[in-house]
Amino acid sequence: MEVRTRFAPSPTGYMHIGNLRTALYAYLHARKNKGTFILRIEDTDQARLVEDSVKVIYESLRVTGLEHDEGPDIGGPVGPYVQSARRPLYKEYAEKLLKEGHAYRCFCEKHEKTENPAEEEHEGVILGYDGRCRRLSEAEVQEKLAKGLPYVIRQKIDHEGRTTFKDFVYGEITVEHKQLDDQILLKRDGYPTYNFANVVDDHLMGITHVMRGCEYISSTPKYILLYKAFGWEAPEHIHLPLIMNADGHKLSKREGSVALSDFLDKGYLPEAILNYIALLGWNPGTEQEFFTKAGLIEKFDIARIGKSQACFDEKKLSWLNGQHIKALKPEAAHALFLRFYPEKTQKDFDVVKLSGLIQGKVEKPSDIPPMVAFLTELDGNYSTELFINKKNKTTLEGSRAVLTDLQAILSALTAWDHAAVYGAVNSYAESKASKIGPIMWPLRIALSGLAVTPTGAIEIAELLGKEESLRRISVAIGRL
RNA sequence: GCCCUCUUCGUCUAGCGGUUAGGACGCUGCCCUUUCAAGGCAGAGAUCACGGGUUCGAAUCCCGUAGAGGGCGCCA
């Protein structure tokens, strides 16, 4: 049977990274099996509609390359693919259940759960709806309908017994029916609830594998009961472990970055993001960690999805991003970096060359501005302690001597390219019978005023140019 | 409160009855070197949540306990 998976986001205005992982797994499973990946927009909550947020969904799938085969924008055989456009369908199916006795009309007020509201909550116990409208006689129902009273349609769940289903990841899950209340299928405004729309749409769209976060696992028996009531075969359910924050709580908007756009803004590559989130809850069974999208398609296997929740670790994402940046062609790396160079840097320096120099070193491109700030402006107040380096055995005195010599040697140079500067510094080291490290160290400090720089002393000199390099050397000598 | 689920280095994970419990990020050190970084190598870091079983033998199977997460909306 052809594999059909879907990604069914709600238009909330941003793409949550956890949802993106769900989309990724659904996409990978479809591609891996030469199946079909469908996009369906779940916009049944009219109160929460956010302007333009469907665009965010399209854009997110586009930049990450999770292209869908059927969806609102490209159509397909089982449309429409937007739930608000499918309203008549839900009504039809809800009424079918009504007719067959699997559902009933409920005229209760919102939030009204029991006949005695005072009993609703005691000792923090929250009870579900008590199913009182089930007991309405046909005459009573007709009377209320005649009066034009608004109603919802609820699923009729027999409170005896239990339902067991087999989740592909978690195995057999059993829930006692007394735990399930008569959930609403069709809301007062005629829109279906998420739970109902999902079942109807997944069936009508021929979805074979339902992938979603495991927050839905305990409501799945209600779905199973619906499939049964309709006489439909339930799809395979694949619940995914949740992605947690570093502090162990659910990844939420208030705790830093959770939206795809946040990560894109920091310069994380879409492919590195996919690579990283693929590994939160799945592994290939080998020691491979670096994956391109094509590699993921090749290796992905739902059998290797894990059960335990995973904390999102931006450090590791950052490392992985660095790996992907290293794999980039120089032009691509430069195009990425260009977004992050301050204007002044772009104006005064050969940024193409700069990009080439730092490509092997940048993990998170949003770190670039502070990384290159020293090029445009030397902080003349850097600590002279920096000239003291244990490994290279440099001292303040020695550094001054070295810099004074270099000042003379370098100012005599006619050419100022890498070979010329390196040659001069190197022959100076040889003349002093010194290793090159003890020479390079003071030079790099003088040129940058920093303990850590994104590239070496010669490259910095080359970028700064002769005049500025010599100026910085004399500043250093003055401070020593 | 009731229900469901999860639990291997700080983090992501491998493991599926017999392993010196493996890898990766991060951390530390060494080597290399045009500093740092990168690269190469090494090290620290896990009484496999705890307690009982089953078994010649348990991280792996069973039962409890604890902790964590999730669900219990006319939200999705």
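We use all heavy atoms of the structure for the numbers below, so side chains are in, but hydrogens, waters and symmetry mates are not. Just so it is clear, the structure is predicted and the values come from calculations on it, not from any experiment.
- B:C12 and B:U19 are spaced 26 Å apart, taking the P atom of each and rounding to whole Å.
- Taking for each of A:E459 and A:D45 the nucleotide of RNA chain B with the nearest heavy atom, the 5'-most of the two is the partner of A:E459.
- Pair assignment for B:A46: none, as no Watson-Crick or G-U wobble contacts are both less than 3.5 Å.
- B:A21 is unpaired under the Watson-Crick or G-U wobble criterion, no partner having all donor-acceptor distances under 3.5 Å.
- Following rounding to the nearest Å, A:D189 (CG) and B:A76 (C1') show an atom-to-atom distance of 14 Å.
- Residue A:T286 is out of contact with every strand shown, counting any heavy-atom pair closer than 4.0 Å.
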Expected string for nucleotides 3-13 of chain B under the B/S/- scheme (protein heavy atoms, under 4.0 Å, primed atoms plus P, OP1, OP2 as sugar-phosphate) is SSSSS---SBS
Taking only nitrogen or oxygen atoms into account, show me every contact under 3.5 Å that the protein makes with nucleotides 36-39 of chain B, one pair per line with its distance.
unit_1 : atom_1 : unit_2 : atom_2 : d
B:C36  : OP1    : A:K391 : NZ     : 3.0
B:C36  : O2     : A:K361 : NZ     : 3.1
B:C36  : O2     : A:T453 : O      : 2.7
B:C36  : N3     : A:K361 : NZ     : 2.8

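- Of the P atoms belonging to B:C30 and B:C36, the separation is 11 Å, rounded to the nearest Å.
- Ring-centre distance between A:F312 and A:F263: below the 6.0 Å cut-off.
- Considering only residues two or more places apart in sequence or on other chains, A:A461 meets the side chain to side chain contact (heavy atoms under 4.5 Å, CB included) condition with A:W416, A:V421, A:L447, A:S469.
- Relative orientation of the A:Y422 and A:H418 rings is parallel, given thresholds of 30° and 60° on the angle between their planes.
- Across the P atoms, B:A42 and B:G22 are found 14 Å apart, a figure rounded to whole Å.
- Among residues two or more places apart in sequence or in another chain, the ring pair (Phe, Tyr, Trp, His ring centres under 6.0 Å) test is passed with A:Y151 by A:F107.
- Here the nucleotide nearest the side chain of A:L242, chosen from B:G26, B:U34, B:G69, is B:G69.
- With both ends at atom P, the span from B:U60 to B:G52 equals 14 Å, rounded to whole Å.
- Each of B:A76, B:U34, B:A14 was ranked by its minimum atom distance to the side chain of A:R304; first place goes to B:A14.
- Residues forming a side chain to side chain contact (heavy atoms under 4.5 Å, CB included) with A:A103 (at least two apart in sequence, or on another chain): A:L97, A:L98, A:I153, A:L185.
- Among the protein residues, A:H177 comes within range of no part of the nucleic acid, since none of its heavy atoms lies under 4.0 Å from any strand.
- B:U33 and B:G40 have their C1' atoms separated by 12 Å, with the value rounded to a whole Å.
- Here B:C2 presents its P atom at 17 Å from CG of A:L180, a figure rounded to the nearest Å.
- Across all strands shown, B:U5 pairs with B:A68; the Watson-Crick or G-U wobble distances both stay below 3.5 Å.
- Remark: B:C32 base-pairs with no nucleotide; criterion is Watson-Crick or G-U wobble with both hydrogen-bond distances under 3.5 Å.
- The distance from atom CZ of A:F291 to atom P of B:A24 is 14 Å, rounded to the nearest whole Å.
- Residues passing the ring pair (Phe, Tyr, Trp, His ring centres under 6.0 Å) test with A:Y93 are A:F230, A:W232, sequence neighbours excluded.
- When the C1' atom of B:U33 is taken as reference, atom CE of A:M440 falls 10 Å away, rounded to whole Å.
- One P atom belongs to B:A76, the other to B:A14, and the distance between them is 34 Å to the nearest Å.
- Screening residues 154-193 of chain A for ring-ring contact (aromatic ring centres under 6.0 Å, His included) gives no qualifying pairs among residues at least two apart or on separate chains.
- Among residues two or more places apart in sequence or in another chain, the side chain to side chain contact (heavy atoms under 4.5 Å, CB included) test is passed with A:S53 by A:P11, A:V50.
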Hey, what are the protein-to-nucleotides 58-65 of chain B N/O distances that come in under 3.5 Å?
none

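- Scanning all heavy atoms of the two residues, the minimum distance from A:R87 to A:D189 falls at NH2-O, 2.9 Å.
- Judged as a side-chain hydrogen bond (donor to acceptor under 3.5 Å, both in side chains), and not counting sequence neighbours, A:E215 has no contacts.
- Going from atom CG of A:L410 over to atom C1' of B:U34 covers 14 Å, rounded to whole Å.
- In this entry B:A58 has no Watson-Crick or G-U wobble partner, no candidate having both defining distances under 3.5 Å.
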Atom pairs and distances, donor-acceptor, side-chain atoms in residues 302-310 of chain A, under 3.5 Å, two or more places apart:
unit_1 : atom_1 : unit_2 : atom_2 : d
A:R304 : NE     : A:N283 : O      : 3.2
A:R304 : NE     : A:N283 : OD1    : 3.3
A:R304 : NH2    : A:N283 : OD1    : 3.0

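- Computed from coordinates, the A:Q83 CD to B:C75 P distance equals 13 Å when rounded to whole Å.
- Spacing of C1' atoms, B:U11 relative to B:A68, comes out at 16 Å, to the nearest Å.
- When the nucleotides B:G23, B:U34, B:C74 are ranked by their closest atom to the side chain of A:I184, B:C74 comes out on top.
- Taking 4.0 angstrom as the limit, A:K187 places a side-chain polar atom (N or O) nearer than this to OP1 or OP2 of B:C75.
- With both ends at atom P, the span from B:C3 to B:U65 equals 12 Å, rounded to whole Å.
- Residue A:Y422 places at least one side-chain N or O closer than 4.0 Å to OP1 or OP2 of B:U34.
- The pairing partner recorded for B:G26 is none, the criterion being a Watson-Crick or G-U wobble arrangement whose two distances lie under 3.5 angstrom.
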Note to self: Under the criterion side-chain contact (heavy atoms from CB on, under 4.5 Å), I'd like the reasoning laid out for A:L375 against A:L464: C-alpha separation, chi angles, the key distance, then a yes or no.
What the structure shows: CA-CA 7 Å; A:L375 287 174; A:L464 289 174; 4.1 Å; yes
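- The side chain to side chain contact (heavy atoms under 4.5 Å, CB included) search around A:T286 returns A:P284, A:Q288, not counting sequence neighbours.
- Residue A:E42 is tested with A:S84, A:S10, A:P9 for a side chain to side chain contact (heavy atoms under 4.5 Å, CB included); the sole match is A:S10.
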